[in-house]
Number of protein chains: 2
Amino acid sequence: MPRTSDARQKMIESASVLFRERGVHGTSFADVLAHSGAPRGSVYHHFKGGKTQIAEEALRWTGDMMLAGITAVLDEQEPVAAIEAWCDTWGAVLRESDYAAGCSFVSAVQDGEHEPTARAVAGAVFSDWEDAIASALRGHGAPEERAVPLATLVISAVEGAVVVSRARRSLEPLHRVCGELQLALGTALAQG
Amino acid sequence: MPRTSDARQKMIESASVLFRERGVHGTSFADVLAHSGAPRGSVYHHFKGGKTQIAEEALRWTGDMMLAGITAVLDEQEPVAAIEAWCDTWGAVLRESDYAAGCSFVSAVQDGEHEPTARAVAGAVFSDWEDAIASALRGHGAPEERAVPLATLVISAVEGAVVVSRARRSLEPLHRVCGELQLALGTALAQG
DNA sequence: GTCTATACGAAGATAGAC
DNA sequence: GTCTATCTTCGTATAGAC
């Protein structure tokens with residue numbers, strides 16, 4: 001017999017997947033229910049705050065998962081190699097979804113006028129990622145005053161490249177940005 | 001007496017403004033009419049293709065305006081200085097809108113599952129910008145094989161930085177990315 | 001805890017008068 | 001060319017039965 005939290009967690013994970021493709025504003029409860037197979041009557045039982053609440057929880061869950069992935073790569077590889085690992089992961093997401101999926105947090109920012117809570121979560125998630133990357137850069141010889149700016153550059157450039165690659169339906173923009181980012185970061189680390 | 005095209009052009013320009021803040025999917029006809037003051041009955045008279053058509057035309061108009069701005073800066077300044085000019089412009093947009101406004105084309109990509117035409121326009125617009133920037137970089141000593149990748153990096157990083165700055169309600173991410181982009185581009189041009 | 005039914009509003013689109 | 005009115009669909013949210 002399934003525990004009561006199973007349906008709830010399934011909805012969160014389905015919302016996470018759908019937000020990647022359609023954004024928060026573009027995803028309806030019907031979409032989440034169809035994708036998760038969760039019972040229709042349980043939505044407001046589990047999420048009394050409605051769409052705002054499920055969006056907030058799904059985005060936090062997504063952000064934590066991605067942060068874990070980012071730190072796992074940083075624990076095993078040099079920063080320059082880590083960039084390639086992240087871009088490869090994004091490339092797989094784009095290819096396997098035929099460019100339908102992207103980053104939930106970019107969508108959350110765009111949808112912020114309708115869902116301010118989602119935009120706030122995106123801000124917190126970006127900060128978490130930035131902290132993790134800046135910390136790793138310091139540990140690999142980056143000049144102290146450039147650790148945070150370089151981390152911001154990496155996040156911004158990769159997120160932007162995913163957007164451009166989706167628009168063009170090609171992995172080329174992502175590949176190019178990956179290569180240039182590696183060159184820039186390699187130069188900065190060599191100077192430190 | 002106003003020419004017939006006045007109301008039509010006003011709707012396009014209003015849609016352009018609203019797309020920056022709410023995206024294509026998040027903007028309704030009512031929003032466009034309220035913002036433009038255009039007569040309600042004229043929507044389907046001017047745009048028989050409905051929302052898809054007005055979105056396509058407004059995005060093309062926006063993209064052309066922005067391309068003109070990009071090339072104007074490139075005609076007057078060195079590439080490294082041009083980056084600062086673009087970031088300053090984006091900073092003003094963010095500040096004056098209290099971080100409500102961003103890039104229409106990022107939104108258009110996110111809304112692409114509902115509005116595929118809008119995503120296609122975004123892809124074409126990004127290509128136009130890339131061509132203009134790559135051409136200028138070639139003219140300022142960039143190695144031939146890096147002109148396009150560097151142009152893609154500039155576009156991706158700036159677009160990503162605008163997203164992160166909106167999420168965090170701070171100009172800091174944009175400023176940091178601006179500085180790091182200038183360093184990276186300066187190094188690359190010196191090598192050429 | 002899950003169901004059906006339904007209220008309520010928003011948004012896209014159409015019809016026909018002026 | 002612009003108007004009002006209306007149709008339809010969709011999405012959020014609630015009510016009450018099982």
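Naming: A, B, ... by sequence-line order, numbering from 1 per chain.
Centroid-to-centroid, the aromatic rings of W61(B) and F19(B) stay 6.0 Å apart or farther.
Taking atom CZ on R22(A) and atom P on dC10(D), their separation rounds to 13 Å, with Å as the unit. When rounded to the nearest whole Å, the span between CG of L33(B) and C1' of dA10(C) equals 14 Å. Distance, H46(B) NE2 to dC3(D) P: 10 Å, rounded to whole Å. Rounded to whole Å, the distance from CG on L18(A) to P on dG11(D) is 12 Å. We find that CZ of F47(A) is positioned 15 Å from C1' of dT12(D), with the value rounded to whole Å. The CZ atom of F29(A) sits 19 Å away from the P atom of dC8(C) (whole-angstrom rounding). Look at CZ on R40(A): it is 16 Å from P on dA15(D), rounded to the nearest Å. With rounding to whole Å, I54(A) atom CD1 is found 14 Å from dA13(D) atom C1'.
Comparing dC3(D), dA13(C), dT2(C) against the side chain of P39(A) picks out dT2(C) as the nearest.
When heavy atoms are screened at a 4.0 angstrom cut-off, T27(B) is found touching the sugar-phosphate backbone but no base atom. Y44(B) comes within 4.0 angstrom of a base, heavy atoms only.
For the pair H114(B) and G41(B), nearest-nucleotide mapping onto DNA chain D gives the more 5' position to G41(B).
The side-chain heavy atoms of I83(B) and C178(B), taken from C-beta on, include a pair separated by under 4.5 Å.
Look at H45(A) and you won't find any side-chain N or O under 4.0 angstrom from OP1 or OP2 of dC3(C). The shortest distance between the side-chain N/O atoms of H25(A) and the OP1/OP2 oxygens of dG11(D) is not below 4.0 Å.
The closest donor-acceptor contact from the side chain of S36(B) to the backbone of K10(B) lies at 3.5 Å or more, if one exists at all. The backbone N or O of S170(A) lies less than 3.5 Å from a partner atom in the side chain of S165(A), making a donor-acceptor pair.
Once rounded to the nearest 0.5 Å, the distance linking CG of L189(A) with CD of Q182(A) reads 11.5 Å.
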